[in-house]
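These notes are about the structure you will find just below.
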Amino acid sequence: MRKLLSSLNPEQRHAVMHTQGPVLVLAGAGSGKTRVITVRTAYLMSGGVPAENILCMTFTKKAAREMRERLKGMVGKDRADGLTVCTFHALCVQMLREAGEKIGLPKRFTICDATDQITVVKKVLRQLHIAETSVRPWDAKSAISLWKNCLVSPEQALDAACDDREILMAHAFEKYEERLLHSRLLDFDDLLLRGLQLLKEDKASRELFQNRWQYLMVDEYQDTNAPQYAIIQHLTGKKRNLCVVGDDDQSIYGWRGADVSKILRFPDDFPGAEIVRLERNYRSTAPILEAANRVIANNTTRHDKTLIPVIEGGEKPRIMQCDDETHEARLICDEIRLRVEGGDASFGQHAILFRTQTQTRAFEAELRSRGIPYVLVGGMSFFDRKEVKDVLCYLRLLANADDESALVRILDAPPRGVGKATMAKAVDWAIKHGISANAAFQHSEEAGIAKGPARAYSELQSSLEVLRLQLEEGRALTDVMRDMISAVDYRAEVERSYPDEQEQMMRWNAVMEMLNFSQNYERSCKRKKKKPTLHGFLEAIVLSATEDTSAEDASKRGSVTLMTLHAAKGLEFPRVYLVGLEEGLLPHRRSALEDSIPEERRLAYVGITRAERHLTLSFATTRAKMGKAKTSHPSRFLFEMTGKDPYDGWVPIEQSLGFTGQSS
DNA sequence: TGTGTCCGAGACGAA
DNA sequence: CTCGGACACA
């Protein structure tokens, strides 16, 4: 422990050793904020605080995983296992599973993801006779989510609506909530809202959890939104043992209702709070920090601070001009391969960061064709595959027969004689009577559902019912799942949809891979002496808390990391490629309309400050949009960074390859 | 009423 | 290029 403490600077040490009462750590990127949390946790434990009484909260699962890894290294695996290190959402699920019935939550709710939200939104838009051309489902989903994350009710949203579009979306919001309720679904935002409701309304639960988690730590506090903030308030009991760390320059979740002012208000919320500032950057070289400082200085409303480098020397960031996204990917992948083959670096030291998920495609193709190992973070690429989603939806239906959005998805995969006309009738009737579509099928005749489809539907449900009973009797999840796949004849769907035999094989392999997942889940439950349940399995997947991280991390160590800037926050890599620095992409096209250029700038800042030694910024002069090549212009952030026209300062492609630059 | 195919519009970020 | 909706056919 002494060794850990002596590795900190005086300010960090102060924050670590100030264990009683509220502490605010305000600091720039790379100044060791997260280190404060982890060492503080170890310090608390060395002082006799049981691991079970410590709660560390993060915003992304990646950050949670990373933090847990670091803690394992400090206090050992066994003691780290007792700690609660998770995202706000995972925390809420835990609380709700334990005590959700206290606030009247249905016992068997299912969590739904963004795709399901869109499904539900589409349905309510149709119900309200709103054309999808006037209100795009995706936009309505975002608006609803933002409302919920700002603790705005449908009524309040309607009151505050100032144009037709907002009125329509507010109406959709109201219906959306109804539909979710009847499907026994909770979306991600509900997890926070219900978690908060539980803490607020049920005194016993509140005291239970306050007592359990006597020491709270929150990473990236600048990203807390209203429900998360209120959850922290309620969990922090009279003892007020709360330590938050954050940086206003890294606030990148405005679209999720995060409010930077909360970090500034902390001393008012928690009078007597100890405030610690960390200003020295231990992560990056001076030239990289200079670029970061220059960009972020263009934001006007911020705490004026400059990152002070500890590491001296180092090479300047490079700017790379490319013809198009394929060229960009090719150059970067070639360079990575050269570096690794030359013994200069390992694959695991490289990260490729981008603004949008669609940018992954070109990189994945190039990496794969070179046989370079890579890990795609956050994109859930495996779970996004159609066949995997289908299987998951069957599982959801198994867990919750009322789950409408799962039902819609698999009803005709494979076709079984009940199609969308029937489904529409069932849903109409369900909406009219305030019940689920599943319940409406029980009243087929009244709902005007023809005999044939009605029978086909009940055949589906009864074959699922058999499996449900088997689960209740304790049959292993993986076995039930295997039977389910054959009971619904999913193989037929794979064969029907993909005439190409090789593709068929790949798709079917992915389905089989799901069985491995459930087996791993069962195994990890056994390790933790928990009972494996279908609900638990689905939650592990939707929250991506799949405990099989050791395998993932092992492979990651030797792999290039591909991720969005949002996912990259809190992480660091020796060699970073920040790609697609173009107007319309970073800053994103939408940000101009929403008046959120400063947030885009912070996003760029986050990207730059991930780099430890080498930073490469790239832009393409043309980029394919919707299958067509469009001209792109270099990002204003490149201009801000260099103080001159990007075209003037870029490193020619020839030089960016090979080993022309000095290496430190 | 269910299924197959063609065509047209379409992309932000995380849990 | 990739999804989902409309439309034609069974």
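Chain A is the first sequence line, chain B the second, and so forth, proteins listed ahead of strands; every chain is numbered from 1. Both backbone and side-chain heavy atoms feed into the values below; hydrogens, waters and symmetry mates do not.
Using a 4.0 Å cutoff on non-hydrogen atoms, the parts of residues 443-463 of chain A near DNA chain B are P453(A), ordered by number.
The ring of F109(A) has its center no closer than 6.0 angstrom to the ring center of H535(A). Taking the six-membered ring for Trp and the full ring otherwise, the centers of W255(A) and H588(A) sit at least 6.0 Å from each other.
With rounding to whole Å, F188(A) atom CZ is found 8 Å from dA15(B) atom P. Look at CE on M95(A): it is 15 Å from C1' on dA15(B), rounded to the nearest Å. As rounded to whole Å, 15 Å separates atom P of dA14(B) from atom CD of Q228(A). dA15(B) atom C1' lies 13 Å from atom NZ of K148(A), rounded to whole Å. Following rounding to the nearest Å, N225(A) (CG) and dA14(B) (C1') show an atom-to-atom distance of 11 Å. Put simply, CZ on R256(A) is 9 Å from P on dA14(B), counting in whole angstrom units.
Contact annotation for F59(A): backbone-only contact, meaning every heavy-atom pair under 4.0 Å involves sugar-phosphate atoms and none involves a base. K386(A) comes within 4.0 angstrom of no nucleic acid atom, judged by non-hydrogen atoms across all strands. Residue contacts shown for D187(A) are absent, as no nucleic acid heavy atom lies under 4.0 Å away. R623(A) comes within 4.0 angstrom of nothing in the nucleic acid, heavy atoms only.
Residue A421(A) is the one, among I252(A) and A421(A), whose nearest nucleotide of DNA chain B lies closer to the 5' end (criterion: closest heavy atom).
Residues satisfying the side chain to side chain contact (heavy atoms under 4.5 Å, CB included) criterion with Q233(A), sequence neighbours excluded, are Y229(A), D269(A), F270(A). For K625(A), the side chain to side chain contact (heavy atoms under 4.5 Å, CB included) criterion is met by K630(A), S632(A), not counting sequence neighbours. In terms of the ring-ring contact (aromatic ring centres under 6.0 Å, His included) criterion, F363(A) has no residue partners (sequence neighbours excluded).
When side chains are defined from C-beta on, K148(A) counts as touching Y176(A), because their heavy atoms get closer than 4.5 Å.
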Report each atom pair, protein N/O against N/O of nucleotides 10-12 of chain B, whose distance is under 3.5 angstrom.
unit_1: dA11(B); atom_1: OP2; unit_2: R136(A); atom_2: NE; d: 2.6
unit_1: dA11(B); atom_1: OP2; unit_2: R136(A); atom_2: NH2; d: 3.4
unit_1: dA11(B); atom_1: N6; unit_2: M626(A); atom_2: N; d: 2.6
unit_1: dC12(B); atom_1: O4'; unit_2: H588(A); atom_2: NE2; d: 3.0
unit_1: dC12(B); atom_1: O2; unit_2: R355(A); atom_2: NH1; d: 3.0
unit_1: dC12(B); atom_1: O2; unit_2: R355(A); atom_2: NH2; d: 2.7
unit_1: dC12(B); atom_1: N4; unit_2: E594(A); atom_2: OE1; d: 3.2
unit_1: dC12(B); atom_1: N4; unit_2: E594(A); atom_2: OE2; d: 3.0

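If you check the side chains of N225(A) and R256(A), you find no donor sitting under 3.5 Å from an acceptor.
The residues R302(A) and D249(A) are annotated as salt-bridged, a charged nitrogen and a carboxylate oxygen being separated by less than 4.0 angstrom. Note on R136(A) versus E132(A): no salt bridge recorded, every NZ/NE/NH1/NH2 to OD/OE distance being 4.0 Å or above. Salt bridge R601(A)/E640(A): present, at least one basic N to carboxylate O contact under 4.0 Å.
Side chain of R416(A) to main chain of L411(A): a donor-acceptor pair is present (N/O by atom type, distance under 3.5 Å, no hydrogens or angles).
Distance check on atom C1': dG5(C) versus dC12(B) gives 24 Å, rounded to whole Å.
Chain A approaches DNA chain C over the interval dC1(C) to dC7(C), counting the first and last nucleotide 5' to 3' with an atom under 4.0 Å from its heavy atoms.
Using a 30° and 60° split on the angle between ring planes, W147(A) and F173(A) fall in the parallel class, below 30°.
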